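Quick note: numbers below take in every heavy atom, side chains included, and nothing from hydrogens, waters or symmetry partners. Nothing here was measured: the structure is a model prediction, and the numbers come from that model.
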Amino acid sequence: MSGALENAAEKRAAECDRLAGELSALRARTGLSLVALAGRTPYSKSSWQRYLNGTKPLPRQAVVALCALAGEPPGRLLALWELADAAWSGRAAADTRAAAVSARGPSPPSPVPVPAGQATPPTPGGAPRGRRRTAVLAATAGVAVVTVATVLGAWLSGDDGARRDVPQDAAWSNAGPLRPSCTGPACEGEDPAPMGCGGDGAMTTLGSLTATGGQRLQLRYGETCRTVWVRATGLRVGDRVVLTVPGRREQQIAAVARRDTGRYLVTPMVAAADPSEARACLLPGGGGEQECLGRAPRAPAS
């Protein structure tokens, strides 16, 4: 029993350390200091310091908030968070104790005296105790395999959503909404993810365009930040995407190397009091016709 509990404690440390390491790397990607991170989320600088060094369990929503700032789908890290949450809350240790008790099986009944000359009665249930214990061990191992497969499946699939069956009163739950750090003209030229404008519930997709060459544009609007931007995928080297709003400075992105063709690119934001006036255009690098999404510019008055 003590060996099983020691293994559970070691596993807890490993799972929590792994989550803390992944979150620290994600924070480094945002380029935000702990002070800046605290200013854009509901958590203090000292709390983030403890979360990222693994000395304090963090709320589930803190993982979601950091992923939103980094533009990272939260599915993989939420899968790691569930493992660490189970370890911190003691559920993993409880499961280990329960498995150990199940593996031992119930205490055998006292033997019944058998009169001389009679055969020994068969074991109740028709199976020897050793076989029953083997069956219990097999069932316990099966449950463990299913649990691990479920968590790893969510991790490897990169599912953006959280598991529906995670209780909201879990050890690390309870958090407020992600706060954007700019609005309107103050956001112009900034990346929407680090500024807190592109998280779940904070933005809507105004429209999409799949170009002739397979490039895909999504025109997005940050409702809280009151800005628009374009998310582009499938670009080819030399392609440019231009975002315009009447009366505002245009923003653009370009696929300048092969690495840009295998990931999504996002334009800097443009303030938009009326998002319906935004327009996004793809200018193919090969010199083909531009393809646009959104309102066409008004013709000058004659």
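Between Glu188 and Arg249 there is no salt bridge, since no side-chain N of the basic residue sits under 4.0 Å from a carboxylate O of the acidic one.
In this structure, CG in Leu34 is found 10.0 Å from OG in Ser44, a value given to the nearest 0.5 Å. Atom CZ in Arg40 sits 8.0 Å away from atom SG in Cys182 (nearest 0.5 Å). The distance from atom CD of Glu190 to atom CD of Gln251, rounded to the nearest 0.5 Å, is 9.5 Å. Distance check, rounded to the nearest 0.5 Å: OG of Ser24 to CD of Gln49 gives 10.5 Å. The SG atom of Cys16 lies 11.5 Å from the CG atom of Asn53; values are rounded to the nearest 0.5 Å. Separation of atoms CZ (Arg240) and OG1 (Thr267) is listed at 13.5 Å; rounding is to 0.5 Å.
For Ser47 against Lys56, the heavy-atom pair with the smallest separation is OG-NZ, 3.8 Å. In terms of heavy atoms, Glu277 sits closest to Pro246 at O-CD, 3.4 Å. Of all heavy-atom pairs between Thr30 and Ala70, the closest is CG2-CB, 3.6 Å. Closest approach of Ala84 to Leu19, counting heavy atoms only: CB-CD2, 3.8 Å. Smallest separation of non-hydrogen atoms from Ala65 and Thr41: CB-CG2, 4.2 Å. The minimum heavy-atom distance between Ala271 and Pro185, with the atom names listed, is CB-N, 3.7 Å.
Taking 4.5 Å as the limit, some side-chain heavy atom of Leu37 sits within range of a side-chain heavy atom of Leu66. For the pair Leu206/Thr204, a side-chain contact is recorded, criterion being any heavy-atom separation below 4.5 Å from C-beta on. Counting heavy atoms from C-beta on, the side chains of Cys67 and Leu26 come closer than 4.5 Å. Side-chain contact between Tyr43 and Gln61 is present, with at least one heavy-atom pair separated by less than 4.5 Å. Between Arg216 and Ser208 there is a side-chain heavy-atom pair separated by less than 4.5 Å. When side chains are defined from C-beta on, Ile253 counts as touching Pro268, because their heavy atoms get closer than 4.5 Å.
Between the side chain of Glu291 and the backbone N or O of Leu282 there is no donor-acceptor pair closer than 3.5 Å. Side-chain N or O atoms of Trp81 include one that pairs as donor or acceptor with a backbone N or O of Leu58 at under 3.5 Å. Distance alone, capped at 3.5 Å, is enough to place a donor-acceptor pair between the Arg279 side chain and the Gly294 backbone.
Both Leu32 and Val63 belong to a common hydrophobic cluster when Ile, Leu, Val, Met, Phe, Trp and Tyr are linked at side-chain heavy-atom distances under 4.5 angstrom. Note on Met269 and Tyr264: same hydrophobic cluster, where clusters join Ile, Leu, Val, Met, Phe, Trp and Tyr whose side-chain heavy atoms are under 4.5 Å apart, directly or indirectly. Under the 4.5 Å side-chain contact rule for hydrophobic residues, Val266 and Leu209 do not share a cluster. Val241 and Leu243 fall within the same hydrophobic cluster, defined by Ile, Leu, Val, Met, Phe, Trp and Tyr side-chain heavy atoms under 4.5 Å apart, directly or through other members. In this structure, Val245 is not a member of the same hydrophobic cluster as Met195, with clusters built from ILVMFWY side-chain heavy atoms closer than 4.5 Å.
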All N/O donor-acceptor pairs, side-chain side in residues 219-237, below 3.5 Å, sequence neighbours left out:
residue	atom	partner	partner atom	Å
Arg220	NH2	Gln218	OE1	3.0
Arg236	NH2	Gly213	O	2.8

**Request:** Applying disulfide bond (SG atoms under 2.5 Å apart), run through Cys197 and Cys187 and close with a yes or a no.
**Result:** CA-CA 9 Å; Cys197 299; Cys187 295; 4.3 Å; no
